[in-house]
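First listed ligand is number 1; within each ligand, the first listed atom is number 1. Everything quoted here is computed from the prediction, not taken from an experiment.
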Amino acid sequence: MSTYLIAFVVSDFKYISAKDKKGVLVGIWARKKAIEDGQGNYALKITQPILEFFEKYYNTSYPLSKSGMTMIKNKTEPWKTGVLSLTERRLFYTIRRRLPMATILFASHSLPSDLCGFASYVEYLGADYAEPTWDMKDQTILYDLQRAFAVDSLTSSHPLSRKEEEVNTPSEISEMFNTISYSKGAAVLKMLSEFLTEPVFAKGLSVSLTFAFGSSVYTDLWDHLQKAVDQTPGVKLPYSVHEIMNRWILQMGFPVITIDTRTGNVSQKHFLLEPEAVVDRKSEFNYEWFVPIKWMKKQQVQDQLWLLQKSALHKPMKVSKNEWVLANLHVSGYFRVNYDLGNWERLLSQLESGHQVIPVVNRAQILDDAFNLARASIINITLALRTTKYLLHERKYIPWEAALRNLNYFFQLFDRSEVYGAMQAYLKKQVKPLFEYFGNISSNWTLFFVLRFTQIIALSLACSTGVEGCRELTRNWFKKWMQNPHNNVIHPNLRSTVYCNAIAAGGAEEWNFGWQMFQKATVAAEAVKLRSALACTKVPWLLNRYLEYTMNPEKIRKQDATSTIGYIASNIIGQSLAWDFVRANWDYFFKMYGTGSFSFSRLISDITYRFCTPFELSQLKRFQKDNAETGFGSGTRALQQAIEKTTAKIKWLAENKEPVHQWFLSESA
Ligand SMILES: *[C@@H]1O[C@H](CO)[C@@H](O)[C@H](O)[C@H]1NC(C)=O
Ligand SMILES: *[C@@H]1O[C@H](CO)[C@@H](O)[C@H](O)[C@H]1NC(C)=O
Ligand SMILES: *[C@@H]1O[C@H](CO)[C@@H](O)[C@H](O)[C@H]1NC(C)=O
Ligand SMILES: *[C@@H]1O[C@H](CO)[C@@H](O)[C@H](O)[C@H]1NC(C)=O
Ligand SMILES: *[C@@H]1O[C@H](CO)[C@@H](O)[C@H](O)[C@H]1NC(C)=O
Ligand SMILES: *[C@@H]1O[C@H](CO)[C@@H](O)[C@H](O)[C@H]1NC(C)=O
């Protein structure tokens with residue numbers, strides 16, 4: 001095991017524990033108050049079914065006599081004693097995507113660091129088993145695939161697998177536990193399990209875990225999976241698992257698959273967000289992949305196609321007038337898809353006339369692909385915008401979330417320009433039915449569990465675009481709470497949105513009330529909601545004061561400072577304040593967070609997220625130059641990415657701002 005995975009914890013925490021059926025002692029350690037308030041109970045309860053699931057899944061008994069989880073302030077990776085360290089927030093999360101990470105115990109005690117994507121992937125399987133109604137598996141496309149796409153489409157990306165000798169300093173270690181290793185790792189393994197089929201995948205894994213305690217690497221895993229393939233009649237691969245997977249893990253990036261339904265021509269190309277980007281990292285595979293393509297036409301699932309070269313003619317994909325082809329069915333592959341214009345048109349009209357025919361994850365992926373293809377200037381932006389028209393009828397979470405993320409990017413690009421008004425009007429029109437739908441099914445916004453994520457979106461988008469009734473609703477809830485601080489009637493899952501809207505609409509009084517409640521909060525999740533909502537105010541002096549608080553650990557704990565600045569930077573008024581603040585106090589932030597800290601690269605991307613003008617680019621470059629001597633530690637890559645992204649946006653805006661403005665105007669009329 002790598003030495004940097006070991007840690008010792010000395011604490012005055014309390015714990016709760018229980019033995020599972022097989023006698024494994026499960027324990028949760030945390031602050032005394034948190035344990036007394038019962039905040040560890042869920043983690044304790046959920047750990048057992050998850051361990052059980054993995055025992056079945058891998059056909060391997062859990063090898064240790066105990067399994068513990070605790071929280072520590074800064075992140076390290078799980079280690080072999082069966083103790084898992086989490087931030088408190090994560091340990092107690094009940095609503096967000098991840099269950100307590102007990103799920104990854106099985107994988108993590110045996111796998112090398114470059115397999116952390118593996119942990120991410122199987123984590124969902126365990127979670128899906130423990131909470132089947134949460135659609136956790138589908139959500140991997142939001143939390144892994146799309147997140148990985150975003151960074152892996154930049155030239156500053158890197159291959160998934162790195163040689164051990166390249167990893168030496170704390171910042172290099174920290175950088176390794178990034179989006180690429182977790183999210184791309186998970187997405188690529190999901191693809192593998194889809195084309196091998198789940199039983200073969202699980203069989204291969206269980207063998208590899210039996211040999212687990214050595215320092216295995218991907219290669220070993222491929223060997224075991226290959227054996228499983230060889231022993232299973234009916235599973236045929238065009239190449240070995242090694243040959244197929246090497247292309248996905250030893251070269252960075254991923255392809256966009258283009259299907260021309262007029263001819264049946266299928267081709268691949270390395271997808272780069274910046275159209276004219278030059279990749280200076282050589283790949284022995286020439287940025288070509290062996291691509292398993294699942295697809296459907298005429299509403300029928302077709303045989304999987306393997307694209308094994310740059311392009312190939314696949315006659316079944318040639319379709320006549322009214323049919324459409326949908327590729328990457330159930331989003332099982334790690335690639336984007338583009339079509340000829342005719343097929344795009346037919347898909348769009350299918351979405352508007354009967355979107356249920358297309359699987360929900362594909363609806364989300366069509367949106368995400370279209371917007372990103374447009375950002376890369378591969379398709380016209382108006383085509384991407386048209387994928388949002390059907391949302392009028394959409395009631396599911398995943399497509400709305402995908403749309404919102406891409407539209408958020410638009411918000412950031414346009415909220416300081418004249419496009420904003422028309423865009424607001426269009427979105428208001430789109431979200432109104434969703435908002436009313438929830439209003440109608442539960443007039444007091446009681447939560448229906450499965451719908452909860454969509455409700456949050458409905459509420460936040462409706463309030464931010466000014467749908468009638470939304471702001472009043474949230475303001476009243478908040479006012480009631482201010483009148484009676486001991487009785488907060490706002491449903492926990494809606495609180496983030498309600499707090500943010502109320503504080504944005506209010507002044508110092510609302511802010512100070514929120515601050516008081518933040519200081520008193522004993523539940524970690526509640527404290528996070530308040531801390532982020534406090535950044536929503538539109539009052540500059542309140543924002544500046546809040547920024548100052550981040551340098552005072554008595555007000556904002558050290559581990560929360562950088563994310564607090566990130567929240568402030570996501571506010572249109574807070575953005576420039578945060579940027580100035582961090583630059584002015586650069587020495588402090590670098591000294592406190594610059595080495596070996598996850599949050600540091602996040603800080604840099606947060607404060608530069610909205611940058612899209614030549615002036616901002618020059619500021620960014622200047623910043624890089626001015627601090628060249630101190631350096632950027634674990635944020636080095638993040639800074640490089642910020643420069644790339646800003647450059648790309650400037651260019652994109654020059655070509656697309658006007659068509660976008662026109663489109664929103666015509667659609668909101
Ligand atoms: C699980 O492991 C046991 C022995 O450890 C073996 O007999 C059994 O066949 C395995 N089951 C599967 C599905 O591989
Ligand atoms: C298929 O499309 C690719 C990419 O546009 C092109 O290079 C190739 O020549 C086409 N093949 C055929 C048979 O039309
Ligand atoms: C995109 O399409 C719109 C309308 O269809 C058109 O006005 C615009 O010129 C197109 N933009 C590009 C870059 O082709
Ligand atoms: C919600 O109720 C209003 C008034 O009762 C009605 O006009 C509207 O059509 C309903 N909306 C939905 C989406 O059911
Ligand atoms: C909200 O509505 C539900 C069902 O309509 C009802 O049971 C519940 O008491 C209501 N809650 C409040 C706070 O009014
Ligand atoms: C954890 O935090 C402590 C003090 O806050 C710091 O000295 C240490 O370097 C951090 N460790 C890691 C791995 O970030």
Visitor: Check whether any N or O atom of Asn265, backbone or side chain, sits under 3.5 Å from an N or O atom of ligand 2, and answer yes or no.
Guide: yes

Visitor: Could you measure the distance from the CG atom of Leu347 to the OH atom of Tyr390? Nearest 0.5 Å is fine.
Guide: 12.0 Å

Visitor: Among Lys621, Arg416, Lys645, find the one that has a salt bridge (charged side-chain N to carboxylate O under 4.0 Å, His left out) with Glu616.
Guide: Arg416

Visitor: Look at Asp368 together with Arg336 and state whether they make a salt bridge at an N to O cut-off of under 4.0 Å.
Guide: yes

Visitor: Checking a contact table here: which protein heavy atom is nearest atom 13 (C) of ligand 2, and how many Å away?
Guide: Leu313 CD1, 4.0 Å

Visitor: Could you walk me through whether Gln624 and Leu620 pass side-chain contact (heavy atoms from CB on, under 4.5 Å), step by step?
Guide: CA-CA 6 Å; Gln624 187 182 36; Leu620 203 49; over 6 Å; no

Visitor: Among all protein heavy atoms, pick out the one at the shortest distance from atom 5 (O) of ligand 2; state its residue, atom name and that distance to 0.1 Å.
Guide: Ser267 OG, 4.4 Å

Visitor: Thinking salt bridges, do Arg610 and Asp415 make one under a 4.0 Å N-O criterion?
Guide: yes

Visitor: Students should be able to answer this: which protein heavy-atom is nearest to atom 7 (O) of ligand 2, and at what distance?
Guide: Ser311 OG, 4.7 Å

Visitor: Is at least one protein non-hydrogen atom found at under 4.0 angstrom from atom 2 (O) of ligand 2?
Guide: yes

Visitor: Do any non-hydrogen protein atoms sit less than 4.0 Å from atom 11 (N) of ligand 2?
Guide: yes

